[in-house]
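The structure appears below as structure tokens.
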Protein chains: 2
Amino acid sequence: MTADEMVETLRSAGVRITRPRRAICEALVSSGTEHVDIATLAKRASELVDDHLDVSTVYRTVDLLEEHGLAHHVHLGHSGSIVHMAQERHHHLACEVCGRTVDVPLSEIGGLSDLLQRHQFGADSVHFAVVGRCKVHE
Amino acid sequence: MTADEMVETLRSAGVRITRPRRAICEALVSSGTEHVDIATLAKRASELVDDHLDVSTVYRTVDLLEEHGLAHHVHLGHSGSIVHMAQERHHHLACEVCGRTVDVPLSEIGGLSDLLQRHQFGADSVHFAVVGRCKVHE
DNA sequence: ATTTCTGCAAACGTTTTGCATGCCA
DNA sequence: TGGCATGCAAAACGTTTGCAGAAAT
């Protein structure tokens, strides 16, 4: 999804489009598969508008994007929020020692999907992470 | 495991046994399968000794219990720490709307175990949770 | 007696909120 | 213009830490 498509989705839902909001969408899209935290997102969006965007604005905008199904955020381990575009459909194995993450496609988690279905549990397939220690830190 | 057994394990590892530590063990044991957070644990342990135990003491004691393999803690969703006795070997499906949790025995997560093994990823089998929405909040 | 634990208070990092100003529609 | 979004600052939250006094060995 492009930033323009995100903005258009918001606009047609009656959401006001501002320079900061557009910049945050662009920063999120350009971050691709990277795992960006709120501070990084704020920094990149700020660079795009060549002005200071406050983290509170980023938090509010990410909430807004989540409400419209355009983004998700996840807590990898015991640290802060990681933001994601909604269509980045994969899971994470997050090492709590080094912070390294392994991305895992949905298809590899067959057993878990069954489990969720059996319990009628709507885990958003993006919105979770397994926290532990990667092979380097066993 | 009883609180006495926990205490004995600590003592024989050379750990000093204090009234607050014993109370925290007892509170943890008596919480059974419930998912207690740090504040609740502090409150219950405080009641047991009829004195105020500080949350910092609870944090330090939980760390200690984890070091000795007697407890684990996990972050369900976007909120604070949930503490667990170590032998409660199950996973959680945690609803981020109502806070309700479904406990799932290890045996039901075959696919995930394979996945972790394939990536040589040492997720402590207790130490993770799937966060989403239960069937009531779909 | 010595070591270590405790409570308190303060610091910390992340997230949220109140408010006056500024911007979008 | 009217209503909403923004930045800022301050508060809130969970967690950690430093320290002087208390307790365990």
Side-chain angles (χ1 to χ4, degrees), chain A residues 6-8 10-25 27 35-43 45-68 71-83 96 99 131, chain B residues 6-8 10-25 27 35-43 45-68 71-83 94 96 99 129 131:
Chain A
M6 292 178 78
V7 166
E8 206 37 57
L10 291 175
R11 192 200 305 283
S12 56
V15 171
R16 197 171 287 191
I17 304 305
T18 63
R19 226 159 124 56
R21 285 181 176 171
R22 188 186 303 272
I24 291 164
C25 288
H35 303 104
V36 288
D37 60 22
I38 297 282
T40 304
L41 196 50
K43 190 159 134 283
S46 295
E47 282 163 6
L48 289 174
V49 293
D50 197 23
D51 194 1
H52 177 74
L53 301 189
D54 199 74
V55 284
S56 65
T57 302
V58 177
Y59 278 109
R60 291 188 270 228
T61 301
V62 169
D63 280 354
L64 192 72
L65 293 176
E66 294 201 63
E67 282 165 22
H68 290 84
H72 288 292
H73 82 280
V74 72
H75 290 237
L76 298 180
H78 305 319
S79 49
S81 289
I82 294 295
V83 186
E96 56 193 357
V131 181
Chain B
M6 292 179 78
V7 166
E8 206 38 56
L10 292 175
R11 194 201 304 282
S12 54
V15 171
R16 198 171 285 192
I17 304 305
T18 64
R19 224 160 126 57
R21 286 181 175 170
R22 187 186 305 273
I24 291 164
C25 288
H35 303 102
V36 289
D37 60 23
I38 297 281
T40 304
L41 195 51
K43 190 159 135 284
S46 295
E47 284 164 6
L48 289 174
V49 293
D50 197 23
D51 194 1
H52 177 73
L53 302 190
D54 199 74
V55 284
S56 64
T57 301
V58 177
Y59 278 109
R60 291 189 269 227
T61 301
V62 169
D63 280 354
L64 191 71
L65 293 176
E66 295 200 64
E67 282 165 20
H68 290 83
H72 288 293
H73 82 280
V74 71
H75 290 236
L76 298 179
H78 304 319
S79 49
S81 289
I82 294 295
V83 186
E96 58 194 355
V131 181

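So you know, we letter chains A, B, ... as the sequences are listed, proteins then strands, and number each from 1. When reading the values below, keep in mind they use all heavy atoms of this one structure, side chains included, and skip hydrogens, waters and symmetry mates.
Take A:D37 and apply the side-chain hydrogen bond (donor to acceptor under 3.5 Å, both in side chains) test, not counting sequence neighbours, and it matches A:T40. With sequence neighbours excluded, the residues forming a side-chain contact (heavy atoms from CB on, under 4.5 Å) with B:T57 are B:P20, B:I24, B:D54, B:T61, listed by chain and number. Applying the salt bridge (charged side-chain N to carboxylate O under 4.0 Å, His left out) test to A:R19 and every residue at least two apart in sequence or in another chain returns nothing. Remark: A:A42 pairs with A:V55, A:V58 by the side-chain contact (heavy atoms from CB on, under 4.5 Å) rule, at least two apart or across chains. In terms of the side-chain hydrogen bond (donor to acceptor under 3.5 Å, both in side chains) criterion, B:D51 has no residue partners (sequence neighbours excluded). With sequence neighbours excluded, the residues satisfying salt bridge (charged side-chain N to carboxylate O under 4.0 Å, His left out) with B:R11 are B:E8. Not counting sequence neighbours, the partners of A:R60 by the side-chain hydrogen bond (donor to acceptor under 3.5 Å, both in side chains) test are A:S56. Not counting sequence neighbours, A:E47 has no partner by the salt bridge (charged side-chain N to carboxylate O under 4.0 Å, His left out) test.
To the nearest angstrom, P of D:dT15 lies 9 Å from CD1 of B:I82. The separation between A:L41 atom CG and C:dT14 atom C1' is 15 Å, rounded to whole Å. Remark: P of C:dC5 and CZ of B:R22 are 15 Å apart, rounded to the nearest angstrom. The separation between B:D63 atom CG and C:dC5 atom C1' is 14 Å, rounded to whole Å.
Comparing the local axis fitted to the first five base pairs of the helix from C:dA1-D:dT25 to C:dA25-D:dT1 with the one fitted to its last five gives a bend of 30°, rounded to 10°.
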Sugar-phosphate or base contact per nucleotide [nucleotides 3-8 of chain D; S, B, -; heavy atom under 4.0 Å]: BBSBBB
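Counting heavy atoms from C-beta outward, A:M6 and A:L10 have side chains that stay 4.5 Å or more apart.
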Find every protein N or O atom lying less than 3.5 Å from an N or O atom of nucleotides 12-14 of chain D, and list the pairs.
none

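Under a 3.5 Å cut-off, the side chain of B:R22 and the backbone N or O of B:V7 do not form any donor-acceptor pair.
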